[in-house]
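This report refers to the structure that appears directly beneath it.
Read the numbers this way: they start at 1 and go in the same order the structure lists the ligands and their atoms.
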Amino acid sequence: MSQNKANEFISLLMTALSNCALYSEEHPLVREFSVKVYDEIGGLFVNDSLAITLLGDSLVFNEVPLTDAGPHLHSFAKKMRRKGIEKIMMVKGVTADELKKFVVAIASTEKVISSPHISVGMIEVKFGADGDDVDALVRENVGKVKSLFHDMNKFRRLEMVSLEDAVIAFIATLKREINVLRVISPVKSYSEYTYVHATNVSVITLFQAEALGMKGENLHDVGIAALMHDVGKMFVPKEVLEKPGKLTDEEWNQMKQHPVAGAKYLSALPDVPKLAMIAAFEHHMKFDGHGYPGMKRKGKKQHIVSQMVAIADFFDALRTERPYRKAMDIAMIIGLMKEGVGREFNPLLVENFFVALKRIRAV
Ligand SMILES: [Fe+2]
Ligand SMILES: [Fe+2]
């Protein structure tokens with residue numbers, strides 16, 4: 001089997017997926033492309049089966065690594081990662097209907113499940129030896145973000161696979177330990193503030209988003225957006241960022257540039273979801289239109305995900321102990337949030353957060 005044939009097949013599969021995203025399951029184009037995929041399969045079987053495996057951010061097709069990765073291959077690998085799929089195996093006997101259902105499931109936000117002739121192997125989130133110890137999981141998650149941020153600060157490069165893996169691990173950790181307060185970690189020193197805060201904000205935002213019923217790739221994008229919300233701070237001078245005392249007007253102006261700088265940085269990276277740019281740009285805007293950057297265009301509303309990030313940001317900042325004040329308890333933070341409802345925060349989202357915390361008996 002040549003690489004070309006494998007490339008063509010995956011391109012066809014991606015076109016079928018795009019049609020599914022645009023049209024209903026019954027649309028002629030969805031049917032047409034599913035049939036085209038089906039027609040190609042026979043010629044690709046090796047020993048009556050066909051396997052596509054995700055390895056890092058590349059694909060292996062019937063044990064042949066696909067090296068000259070075009071845009072379709074790249075998109076399909078990304079799709080598999082986001083769906084949590086490690087391996088797809090099709091065996092002889094697969095029907096056109098089975099294949100169409102599979103294509104529709106991959107295009108949806110639902111989990112892809114195996115059928116008689118198509119087996120789907122899911123990525124196991126590896127938690128290490130202390131897999132059952134929540135504190136160890138949380139430390140591991142923070143460690144992932146630490147190395148991601150280290151590379152970003154040093155090389156201005158963002159390793160998408162590591163970023164996506166970190167968010168997959170957060171979602172898995174929240175599944176294992178539903179008490180979000182046990183999944184967020186304390187900041188022990190100033191040097192770790194950046195990545196611990198980013199991790200916590202992502203986890204708290206995911207907690208809210210799940211409570212709203214978000215799932216699948218949408219949920220994943222929300223986690224990425226929250227993790228990257230303060231990325232623009234790497235462009236703020238260190239003396240300003242780490243200044244222990246009060247900032248001068250000029251320094252404060254520099255600090256206030258971080259949402260714009262972050263959005264600009266993220267917009268130059270092709271694989272980052274748009275939502276990340278939006279949340280980076282808007283997380284200091286307020287529900288009533290105040291905050292920064294100023295909303296010059298009238299009627300511009302803060303995106304709901306930026307509103308959730310703003311809640312998570314506020315919550316994490318207040319529960320962290322600072323040299324000038326102690327960490328606040330949850331009830332007090334919720335009280336302050338409720339005071340800010342309608343001006344600073346979206347009332348429905350504060351309620352959603354509060355109810356979700358109550359459900360896990362955190363308040
Ligand atoms: Fe910020
Ligand atoms: Fe923040």
Do K301 and F287 form a cation-pi contact, if we require the NZ or CZ to be under 6.0 Å from the six-membered ring centre and within 45 degrees of the ring's axis?
yes

Below 30° counts as parallel, above 60° as perpendicular, anything between as tilted: where do the rings of W252 and Y292 land?
perpendicular

Does any N, O or S atom in D313 come within less than 2.8 Å of the Fe ion (ligand 1)?
no

Closer than 2.8 Å to the Fe ion (ligand 1): does that hold for any N, O or S atom in H229?
no

With respect to the Fe ion (ligand 2), please indicate if D230 possesses an N, O or S atom at a distance under 2.8 Å.
yes

When you draw lines from the Fe ion (ligand 1) to NE2 of H283 and to NE2 of H284, what angle lies between them, to the nearest 10°?
90°

Strictly under 6.0 Å, is that where the ring centroids of H283 and H303 end up?
no

Is it the case that the side chains of Q3 and T67 hold a donor-acceptor pair, with the cut-off being a distance below 3.5 Å and no angle test?
yes

